[in-house]
Amino acid sequence: MAQNKPLIGKLVLVTVAMFGFGFALVPLYDVFCDITGINGKTAAVAATADNAVIDTSRQITIEFLARPNKDMPWVFKPEVFQMTVHPGEIHIMNYLAENPTGRMIVGQAVPSVSPGQAALYFHKIECFCFTQQQLAAGKNMLMPLQFYVDPALPAHFNTITLNYTLYDVTQAWDAQQPPQDNIGE
Amino acid sequence: MSVVITEPRDHDDQHDHDHEHHDHKPRGIKRWLYTTNHKDIGTMYLIFALVMFFIGGAMAMVIRLELFQPGMQFVEPHFFNQMTTVHGLIMVFGAVMPAFTGLANWMIPMMIGAPDMALPRMNNWSFWILPFAFLILLLSLFMPGGGPSFGWTFYAPLSTTYSSDSTALFVFSVHIMGISSIMGAINVIVTIWNMRAPGMTWMKMPLFVWTWFITAFLLIMVMPVLAGVVTMVLTDKYFGTSFFDAAGGGDPVLFQHIFWFFGHPEVYIMILPAFGIVSAIIPTFARKRLFGYASMVYATASIAILSFLVWAHHMFTTGMPVFATLFFMYATMLIAVPTGVKVFNWVATMWRGAMTFEVPMMFALAFIVLFTIGGFSGLMLAITPADFQYHDTYFVVAHFHYVLVTGAVFSIVAAVYYWLPKWTGNMYDESLGQWHFWCSLISVNLLFFPMHFVGLAGMPRRIPDYALQFADFNAFISIGGFLFGLSQLIFVWVLIKCARGGVKATDQVWEGAEGLEWEVPSPAPYHTFETPPVIK
Amino acid sequence: MAKTRSIRWSLPTLLLAASANAAAMPLNMTKGVTEISREVYNLHMTIFWICCVIGAVVFGIMFVSILLHRKARGVQPAQFHESTKVEILWTAIPVVILIGMAIPATKTLIAMEDTSAADVTVQVTGSQWKWHYKYLGSDLEYFSVLATPREQINNRFPKGENYLLEVDRPLVIPTGQKVRFLMTSDDVIHSWWVPAFAIKKDANPGFINEAWTRVDHPGVYRGQCAELCGQDHAFMPIVVIAKTPEDYAAWKATEENRLAEEKAAEQELLAMNMEMSDLMANGERTYIAYCAACHQPNGAGLPGIFPALAGSNLILNDRRAHIDIILNGKAGTSMQAFGRQLSLKELASVVTYTRNAWGNDTGDAVQAADVYRVQQGEGE
């Protein structure tokens with residue numbers, strides 16, 4: 001019948017739109033997480049430190065966890081396991097990374113904060129996790145993290161745990177480089 | 001809307017060069033390959049679903065055999081995982097959904113007084129691509145490394161980085177299943193929207209038509225999302241994207257959000273048509289009109305809408321913040337309300353009726369009780385703190401098998417018994433049918449009821465071997481499983497016997513049956529309602 | 001009903017056979033050993049009884065109807081078919097019941113999610129197919145793997161009491177103190193579940209999740225991984241021993257000492273050469289425990305998913321790469337970095353074993369010092 005076609009058209013449109021919606025869920029989820037801290041991801045870009053009102057009446061314990069993923073041979077650890085900070089204070093925490101293997105390895109640290117919502121109040125001014133880090137065979141380095149805790153952190157949070165999982169992304173890194181002789185094997 | 005029904009069938013379709021108007025049908029295999037007749041296609045869907053039910057069932061038998069005793073006896077854990085995965089995929093996409101589509105094909109045009117489905121050629125395609133989807137899936141089991149082994153829910157990264165080489169085949173197969181379902185759903189919507197006989201107003205439509213109409217909308221809303229998520233799995237595994245890989249900035253939990261955004265409406269796709277079937281059968285055998293027709297329609301619609309808001313109740317243990325968890329818990333509990341309304345309406349329909357208990361009625365009654373039990377365990381699972389204990393245990397396995405086997409499958413079996421005389425023109429063998437019912441009823445409860453206890457006692461799902469304390473119950477469950485499998489052979493016997501002959505059925509078939517499908521002769525002629533009926 | 005009769009016939013014999021050395025299975029959810037787990041149990045029972053009552057009423061009415069309103073009794077069907085009042089009533093009543101249920105559930109949930117002010121924090125990392133525990137603020141960390149011998153799983157030996165629920169090194173926690181768990185994963189999603197604590201929390205790769213418990217009584221509590229994580233999902237149990245704070249402190253001190261001693265012993269080992277027969281015997285044990293699940297006891301692997309080691313090009317032709325892949329794993333595959341999990345002795349043995357078993361007759365005896373050199377990035 002003649003007017004099947006407009007209806008079919010609409011239904012096909014819904015189908016295509018929903019297929020698109022499936023993919024749109026990816027950025028939507030990120031936006032949703034940014035707003036609500038639903039998955040404990042911290043911002044992937046640097047914060048600025050202009051609102052330096054220090055709230056000395058509160059003490060927040062920050063725990064630092066670092067774990068190279070199972071196929072990442074680096075030694076990777078924070079200088080200290082925890083520190084106590086006042087909201088608004090800017091602190092630096094160094095992470096030690098060492099590549100004990102005989103080849104250059106590129107690492108990418110992925111942060112995760114628990115409780116998830118606290119991620120919204122944990123601001124990184126400078127972080128090695130913003131970019132991929134290269135480490136030549138047998139070398140080590142200190143990787144700094146500069147951060148402060150937002151004074152607006154809700155009162156029921158008194159401990160924030162920051163975990164870095166370090167991944168070996170050498171393959172992906174190699175693939176992005178123009179062809180050249182890489183260090184290592 | 002109804003004016004157009006009187007016009008001749010669609011000739012605009014550019015591929016539509018042969019005609020459904022011919023009174024004779026082609027012979028032999030070509031009839032089935034080229035058919036655009038809704039009854040032929042319905043039959044093929046139903047036979048296909050039955051074959052898949054037995055293939056998926058055979059896999060369940062392998063699972064139950066391995067779980068009969070603790071220790072690894074018959075299969076390797078890797079193969080066991082392939083069995084649980086493919087069993088789930090086949091039962092969901094190969095048995096239950098095609099069976100409902102088959103019933104829709106057969107019955108919807110006859111129930112609304114239409115000569116055929118609105119898009120007969122597309123109907124043919126949507127069926128014929130289905131066998132290929134499952135052929136691909138089944139053949140993937142013979143690939144080196146085996147078929148899909150990550151559960152039918154294919155959580156990333158188990159299905160991406162850590163899966164076997166055959167994952168591309170799995171993805172391809174799911175794509176084809178999805179396309180088939182979407183085409184089927186579009187066809188159902190267009191048929192119901194445009195092809196109702198004059199006077200068949202929305203609120204006069206039989207509930208089976210209503211529930212399928214709503215189901216079809218769910219299908220076109222969520223099957224594309226499934227297609228999207230399998231595509232992401234494909235690109236993550238083979239093309240270096242990182243949707244679900246934390247190392248590349250993705251999030252494995254995101255997979256679960258997208259999957260269950262499809263997955264939860266999917267479970268209603270598999271149960272709403274069942275509600276329609278039961279709402280047809282109960283009034284027939286109670287000889288009394290369905291109680292609360294309008295509230296049934298509204299309840300169906302509200303279940304469908306709510307189904308989009310509860311997906312994360314499958315994910316309480318993934319570590320969502322409290323406010324999100326609470327939202328999904330409340331929304332899930334809310335679904336119990338419209339579902340309850342349906343059950344109450346069925347019971348009210350039976351109340352002060354004049355019931356007889358032929359096989360369709362028996363299966364429908366079993367459906368009400370056992371589906372409700374599945375609903376109760378569903379309500380328990382909604383209570384988040386308790387869900388932490390139930391999640392991913394046999395309690396969940398018991399829950400969804402009550403909903404899907406004694407719910408969806410029982411309703412399909414009830415529907416087949418109910419309409420079989422209309423399809424074949426012969427009455428089925430009542431006493432064999434009763435045997436089938438009682439054997440199924442007893443064995444299915446031996447099979448699934450103890451799973452509640454096993455789950456509460458702490459047995460995780462999807463394991464090929466278990467601690468000794470679970471041994472007795474698993475042996476018991478396995479025996480129930482084998483008996484349930486055997487009982488279904490009686491069903492095949494009944495079907496073959498009925499197709500070959502038997503007592504001739506009257507046009508109305510059942511004393512209390514009402515509706516357009518009972519006004520055409522039995523067996524229903526190849527073409528029905530070429531001139532639209534007049535609805536009073 | 002011949003079929004049902006046959007069940008009754010065979011069942012008693014079957015039950016006796018299977019339950020020879022198993023504890024009786026509880027028929028209900030455990031009450032557990034924490035305040036939270038008891039609250040969860042109470043919630044479970046409340047909702048269960050509510051369901052039972054609703055079920056009894058609805059099914060009761062239905063069965064009365066089936067008994068009374070049957071055509072065989074010659075009844076005439078009534079004509080009523082709708083009532084807005086009734087519909088509103090049976091919409092409203094369930095809503096009230098559900099609200100009554102939601103309130104305690106919400107309270108318990110909020111208590112469960114409050115992980116603040118913990119006394120002890122343990123990082124729990126799942127990987128295929130073992131758990132790793134790390135006590136935060138201490139060097140103490142170790143893997144915890146299934147202790148049930150393969151022979152029991154393959155039915156060659158009789159199964160022990162804690163079949164599949166026993167590990168080599170259980171997690172130890174103090175009683176009466178708030179213990180916080182931080183879950184994460186090295187590969188796929190796992191789920192750390194101890195029913196007695198009512199904790200089930202997914203371990204997601206790249207993300208951390210929290211849970212906490214405060215255990216009342218010392219004891220041994222067993223659980224399992226609850227999220228399908230690949231072929232040996234059934235074989236990564238969890239065992240937690242709760243000790244009194246004093247015993248816990250003593251245990252922790254001993255373990256920390258032992259860890260330091262082991263490290264010292266490793267250094268000594270570097271100077272020693274082990275006999276080929278020792279290496280092979282040790283290697284086979286290690287291989288069966290850590291490698292055979294994927295690469296199979298006969299080294300044939302599972303084509304298409306786990307490569308064969310017998311006749312492997314890499315093993316036969318590149319000794320350094322062989323050691324390297326065992327130490328550092330292979331990115332993007334299931335092959336893990338065993339350098340952090342196994343001792344140098346185990347590593348050297350398993351390398352030697354895989355270089356010489358199943359026709360891989362390289363004749364190499366790889367020593368701890370060889371492995372150490374590769375680990376330190378030096379050439380061989």
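First the proteins, then the strands, lettered A, B, ... as listed; each starts at 1.
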- Whether A:Phe21 and B:Phe261 hold their rings parallel, tilted or perpendicular, with breakpoints at 30° and 60°: tilted

- Note on the structure: Heavy atoms of B:Met221 and A:Val14 approach each other most closely as SD-CG1, 3.9 Å

- Message: Do B:Trp193 and A:Asn4 make a side-chain contact, defined as non-hydrogen atoms from C-beta onward lying under 4.5 Å apart?
- Response: no

- Which answer fits B:Val229, side chain, backbone, both or neither, if we ask what part of it has an atom under 4.5 Å from a heavy atom of chain A? neither

- Closest-packed option against chain B by number of heavy-atom pairs under 4.5 Å, given A:Asn69, A:Leu166, A:Leu25: A:Leu25

- B:Val225 side chain reached by A:Phe19 side chain, heavy atoms, under 4.5 Å: no

- Between CG on residue A:Leu11 and CE on residue B:Met183, distance to nearest 0.5 Å: 14.0 Å

- Task: Work out which heavy atom in A:Tyr167 is nearest to a heavy atom in B:Ala246; give both atom names and the distance.
- Result: OH-CB, 3.6 Å

- Inter-residue atom distance B:Thr231.OG1 - A:Phe23.CZ, 0.5 Å rounding: 4.5 Å

- Output the distance between atom CD1 (B:Ile182) and atom CE (A:Met18), rounded to the nearest 0.5 Å. 10.5 Å

- Roughly how far apart are B:Ile189 CD1 and A:Leu7 CG, rounded to 0.5 Å? 7.5 Å

- Query: Given side chains that start at C-beta, do those of A:Val26 and B:Met232 come closer than 4.5 Å, heavy atoms only?
  - Reply: yes

- Query: Once you round to the nearest 0.5 Å, how far does CE of B:Met122 lie from CD1 of A:Ile8?
  - Reply: 6.5 Å

- Task: State, with a plain yes or no, whether a side-chain heavy atom of A:Gln117 is found less than 4.5 Å away from one of B:Phe323.
- Result: yes

